[in-house]
Amino acid sequence: MLQQLMVPKTTQHELRIHQSVLINGTYHTFNQPVAAGAQITLTYQDAQPPIYVPTNRPVTIAYEDHDLLVVDKPAGIKAHPNQPDETQTLMNRVAAYLAPMPAYITHRLDMLTSGLTLIAKDPLTQNIINRQLAQKTMTREYVALVAPDIPDHGTISAPIGLDPTDKRKRMVTKDGLPAVTHYQVIARTAEWAQIQLQLETGRTHQIRVHLASIGFPILGDPLYAPGFQTTRLFLHAETLRLTQPFTAQPLVVHQPAPFGIMR
């Protein structure tokens, strides 16, 4: 059962040694069969839950259930604090929304990128989502605006590493980490092309670096397209596809981009 729920093996071990899985209120060894209709209770405690200073600012909820919260991060704010006393990030807002419950971030967006961010409400859910990310059963789709003459579709497979001339940036380099990005054009005008992107990997600045490396940086990117003046980076995390923890049901969350052609 725990394997089917994609509970990581390290977490299964913790549940076993602490006898934290009960069948009809009683602990059974993990190799015993479970009868249909039995009540299963999991107890998993986090000794040091993350602490964010709550900030009462608006949060746009794209989806919520007992275990998960998906919010639409605005462009221009950080996903999470780098210092304990920071208050102006998405997770500070989420902490106020979920209080007194804790909040566990599962993946991050660049400060300049808007879109869907998945947050777990407990550490066991976070571990399950992290395993889905590692096994690529959870996928993310993005939309971006680039120059209009980009080819209709393509795959960019190029390793990404640090830029030795600017610590804020990344670059394609032969000794970097493997990275793969797929894209296709979904709308085109004389001024820009709107593209949809899927990632096989999740490197820092991956989409921004990959598109810049083929000569089509994202419009409004101050690091990789500094000559183009606009109000924002035109990159948005639009769709999340995952398996809902504890139900094994597919879950798709969609939040259209606040730019380009609405579809």
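Of the N and O atoms on the side chains of His80 and Thr89, not one donor lies less than 3.5 Å from an acceptor on the other residue. Side-chain contact of Gln206 with Thr181: a donor-acceptor pair under 3.5 Å is present, judged by distance alone. Side-chain contact check for Glu141 and Gln198: at least one donor-acceptor pair (N or O, by modelled atom type) lies under 3.5 Å.
Residues Ile214 and Val185 share a single hydrophobic cluster, defined by chaining ILVMFWY side chains whose heavy atoms lie under 4.5 Å apart. No continuous path of ILVMFWY side-chain contacts below 4.5 Å connects Ile195 to Val180, so the two sit in separate hydrophobic clusters. Cluster membership check: Leu69 does not share its hydrophobic cluster with Tyr63, using side-chain heavy-atom separations under 4.5 Å among Ile, Leu, Val, Met, Phe, Trp and Tyr. Tracing side-chain contacts under 4.5 Å through hydrophobic residues (I, L, V, M, F, W, Y), one never reaches Ile218 starting from Val209; they form parts of separate clusters. Under a hydrophobic-cluster definition in which Ile, Leu, Val, Met, Phe, Trp and Tyr are linked whenever side-chain heavy atoms come within less than 4.5 Å, directly or via other members, Val94 and Leu68 are assigned to different clusters.
Remark: Lys121 does not engage Asp67 in a salt bridge, criterion side-chain N to carboxylate O under 4.0 Å. A salt bridge is defined here as a Lys NZ or Arg NE, NH1 or NH2 lying under 4.0 Å from an Asp or Glu carboxylate O, and Glu238 with Arg140 fails to meet this definition. A salt bridge between Arg188 and Asp152 is present, with a side-chain N of the basic residue lying under 4.0 Å from a carboxylate O of the acidic one.
Counting heavy atoms from C-beta outward, Ser114 and His236 have side chains that approach closer than 4.5 Å. Looking at Val70 and Leu240, their side chains come closer than 4.5 Å, going by heavy atoms from C-beta outward. Contact check for Val71 versus Ile119: side-chain heavy atoms found under the 4.5 Å cut-off. In this structure, Arg170 and Leu162 have side chains that are in contact, with non-hydrogen atoms separated by less than 4.5 Å. You'll find the side chain of Pro148 stays beyond 4.5 Å of the side chain of Glu191, heavy atoms only. The shortest side-chain heavy-atom distance between Ile156 and Ser213 falls under the 4.5 Å cut-off. With contacts defined as side-chain heavy-atom distances shorter than 4.5 Å, the pair Ile77/Arg93 qualifies. Annotation: side chain of Thr60 is in contact with side chain of Gln255 (closest heavy-atom distance under 4.5 Å).
Shown here for Thr113 and Ala237, the closest heavy-atom pair between the two residues is CG2-N, 4.4 Å. Scanning all heavy atoms of the two residues, the minimum distance from Val143 to Phe259 falls at O-CZ, 3.9 Å. A pairwise comparison of heavy atoms in Ala62 and Val253 identifies CB-CG1, 3.8 Å as the closest pair. The two residues Leu199 and Thr201 have their closest heavy-atom pair at CB-O, 3.2 Å. When every heavy atom of Pro50 is checked against every heavy atom of Ala103, the shortest pair comes out as CG-O, 3.1 Å. Taking every heavy atom of both residues into account, Asp221 and Leu223 meet most closely at OD1-N, 3.0 Å.
The distance from atom CD1 of Ile160 to atom CZ of Arg203, rounded to the nearest 0.5 Å, is 8.0 Å.
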Between His210 and His205, is a side chain to side chain contact (heavy atoms under 4.5 Å, CB included) present by the stated rule, with each step listed? CA-CA 8 Å; His210 270 176; His205 293 185; over 6 Å; no
What do the steps show when you test Gln132 against Thr243 for side chain to side chain contact (heavy atoms under 4.5 Å, CB included), and what is the final call? CA-CA 8 Å; Gln132 290 188 33; Thr243 301; 3.7 Å; yes
Start with the C-alpha distance between Tyr224 and Leu211, add both sets of side-chain angles, then the distance that settles side chain to side chain contact (heavy atoms under 4.5 Å, CB included), and finish with yes or no. CA-CA 9 Å; Tyr224 304 102; Leu211 289 173; over 6 Å; no
Could you walk me through whether Arg131 and Ile128 pass the side chain to side chain contact (heavy atoms under 4.5 Å, CB included) check? CA-CA 5 Å; Arg131 190 176 187 195; Ile128 292 171; 5.8 Å; no
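Sequence neighbours left out, not one pair with a member in residues 243-254 passes salt bridge (Lys or Arg N to Asp or Glu O under 4.0 Å).
Of the candidates Leu235, Leu90, Thr117, Leu116, Thr117 is the only one forming a side-chain contact (heavy atoms from CB on, under 4.5 Å) with Leu109.
By the 6.0 Å contact criterion, CD1 on Ile51 is open, its count of non-hydrogen atoms from other residues, nucleotides or ligands being 12 or less.
The main-chain N or O of Thr55 is never found under 3.5 Å from a side-chain atom of Thr87 such that the two would form a donor-acceptor pair. A donor-acceptor pair under 3.5 Å links the side-chain atoms of Thr189 to the main chain of Trp192, judged by distance alone.
Cluster partners of Tyr104, using a side-chain heavy-atom cutoff of under 4.5 Å among ILVMFWY residues and allowing indirect links: none.
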